[in-house]
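Each remark here refers to the structure printed beneath this line.
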Amino acid sequence: MSRAKPVIAIDGPAGAGKSTVARNLAKALGFVLVDTGAIYRAVALAATRAGVSRADEPAVASLAEDLLRREALVFHRDADLGMRVLLEGADVSDAIRTPEMGLGASEVSVHPKVRAALLGLQRHAGGSGGVVLEGRDIGTVVFPDAEVKFFLTASPEVRARRRHAELMLKESAPSFEETLAQVKERDLKDETRAVAPLKRAADAVLVDSSDLDFDGVVEQMLTHVRASWRG
Ligand code: DC
């Protein structure tokens, strides 16, 4: 079944610039943006608040299922085409953006039952096309039939430098070495998990942002989207 407008999948490791690039690409095309990492982060936050261990697969999965059933985990678009996440009616978009919830998301996302619980939500958000989804397994699992797929990466050092610069804007930033260690730890977790590990889909275009600024990356992607999709 072909869509009037494409589903664009952007996968890649933490700190490659996916969020900025996906947001700007969606804006340039007038597409909706879906940040799937935010969904895993929100589940990690909900588990923390409920006192549920992230290692407890059945408990985290039933927590996620319950949130979805009650429509207590939802997202909506803000004027800037960004995505806001609401948990139990409260906007947690900033609360989930901490290194702690990044690691928490990585921990809850290893569980197949948790991933299965969140699949429908992601497919529902993107199914009709005209959407940019960013995550780890969009091109491989969530939308293997996406019309356009990118795998955005950069060296661990470049990614750690970017993340560190971001964290320096806040209080109590970790050292660069700690940040680099965290980046590598998360890569290893995401790449080695049994279900839906972070890996490039065979048909995904590889984009390396180590030596390109994000505007350059978006330009490169726009050129590819326009060449492959003439809507
Ligand atoms: O993109 P992010 O840093 O917000 O993602 C946080 C974690 O969520 C990431 O380390 C792994 C997990 N994740 C996932 O398993 N699958 C996705 N599609 C998106 C994120």
Side-chain angles (χ1 to χ4, degrees), residues 7-23 25-26 33-48 54-55 57 60-61 63-64 73 75 82-85 87 92-127 131-144 146 149-154 156 159-160 162-164 166-167 179-201 204 209 214:
V7 166
I8 301 180
I10 305 182
D11 292 305
K18 288 194 307 292
S19 306
T20 308
V21 164
R23 191 170 54 240
L25 184 67
L33 171 70
V34 180
D35 167 5
T36 62
I39 302 171
Y40 288 94
R41 285 170 181 262
V43 169
L45 180 64
T48 305
R54 296 163 188 167
E57 174 169 13
V60 180
L63 179 106
L73 170 56
F75 40 81
M83 190 180 113
R84 306 301 291 180
V85 183
L87 182 64
V92 294
S93 311
D94 297 325
I96 58 174
R97 244 353 93 203
T98 62
E100 163 70 5
M101 285 309 137
L103 192 60
S106 188
E107 285 168 357
V108 298
S109 70
V110 300
H111 303 310
K113 288 193 176 118
V114 174
R115 305 197 70 84
L118 300 177
L119 201 53
L121 179 67
Q122 297 171 73
R123 288 195 174 144
H124 181 73
V131 65
V132 176
L133 293 108
E134 58 126 326
R136 301 291 190 288
D137 62 339
I138 308 304
T140 50
V141 175
V142 183
F143 282 104
K149 298 181 187 178
F150 294 107
F151 193 83
L152 180 62
T153 190
R159 292 186 284 122
R162 288 178 187 154
R163 185 123 302 187
H164 189 240
E166 251 171 51
L167 294 172
T179 311
L180 180 60
Q182 280 172 5
V183 163
K184 288 184 172 169
E185 185 188 338
R186 197 123 78 86
D187 284 358
L188 189 70
K189 263 201 170 63
D190 293 349
E191 286 164 3
T192 57
R193 71 174 172 230
V195 174
L198 171 66
K199 77 164 196 275
R200 177 186 169 194
S209 72
F214 293 153

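Start at 1 and go down the list; that is how both ligands and their atoms are numbered. The figures here come from the full heavy-atom set of this structure, side chains too, leaving out hydrogens, waters and symmetry mates.
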> Which protein non-hydrogen atom lies closest to atom 8 (O) of ligand 1, naming both residue and atom, and how far is it?
Replying inline: A105 CB, 3.6 Å

> Below 4.5 Å, heavy atoms only, C-beta onward: do R115 and V141 meet side chain to side chain?
Replying inline: no

>> If we count only N and O atoms by modelled type, under 3.5 Å, do the side chains of S209 and R162 hold a donor and an acceptor together?
In response: yes

> Counting each atom of ligand 1 from 1 as listed, which ones have a heavy atom of Y40 under 4.0 Å away?
Replying inline: 8 (O), 13 (N), 14 (C), 16 (N), 17 (C), 19 (C), 20 (C)

>> Testing the basics here: between A38 and V85, what is the closest heavy-atom pair and its distance to 0.1 Å?
In response: CB-CG2, 3.8 Å

> At under 4.0 Å between heavy atoms, which part of V142 makes contact with ligand 1: side chain, backbone, both or neither?
Replying inline: neither

>> How close do L167 and P99 get, counting heavy atoms only, and between which atoms?
In response: CD2-CG, 3.8 Å

>> So is R193 touching ligand 1 or not, going by heavy atoms under 4.0 Å?
In response: yes

>> Which residue and atom name correspond to the protein heavy atom nearest atom 3 (O) of ligand 1, and how close is it?
In response: R41 NH2, 3.0 Å

> Is a side-chain N or O of H164 found less than 3.5 angstrom from the main chain of L180, in a donor-acceptor match?
Replying inline: no

> Do L188 and K184 come within less than 4.5 Å of each other through their side chains, counting heavy atoms only?
Replying inline: no

>> Among D190, T36, D11, exactly one meets side-chain hydrogen bond (donor to acceptor under 3.5 Å, both in side chains) together with R136. Which residue is that?
In response: D190

> So among L33, I10, V7, which one has a side chain to side chain contact (heavy atoms under 4.5 Å, CB included) with L133?
Replying inline: V7

> N/O of R115 under 3.5 Å from N/O of ligand 1, yes or no?
Replying inline: yes

> In the protein, what heavy atom is nearest to atom 10 (O) of ligand 1, and what distance, to one decimal place, separates them?
Replying inline: R186 NH1, 2.7 Å

> Given the rule in the salt bridge (Lys or Arg N to Asp or Glu O under 4.0 Å) test, do D137 and R193 qualify, once you have shown the distances and angles that lead to the verdict?
Replying inline: CA-CA 12 Å; D137 62 339; R193 71 174 172 230; 5.2 Å; no

>> I need the nearest protein heavy-atom contact for atom 20 (C) of ligand 1: residue, atom name and distance, please.
In response: G37 CA, 3.5 Å

> To the nearest 0.1 Å, how far is atom 19 (C) of ligand 1 from its closest protein heavy atom, and which atom is that?
Replying inline: T36 OG1, 3.4 Å

>> For atom 17 (C) of ligand 1, what's the nearest protein heavy-atom neighbour? Residue, atom name and distance, please.
In response: R136 N, 3.4 Å

> Is A14 touching ligand 1 with its side chain, its backbone, both, or neither, if touching means heavy atoms under 4.0 Å apart?
Replying inline: neither

> Tell me: protein heavy atom nearest atom 11 (C) of ligand 1, and distance?
Replying inline: D190 OD1, 3.6 Å

> At a 4.0 Å threshold, what atoms of ligand 1 neighbour a non-hydrogen atom of S106?
Replying inline: 7 (C), 10 (O)

> So which protein heavy atom does atom 12 (C) of ligand 1 come closest to, and at what separation?
Replying inline: S109 OG, 3.6 Å

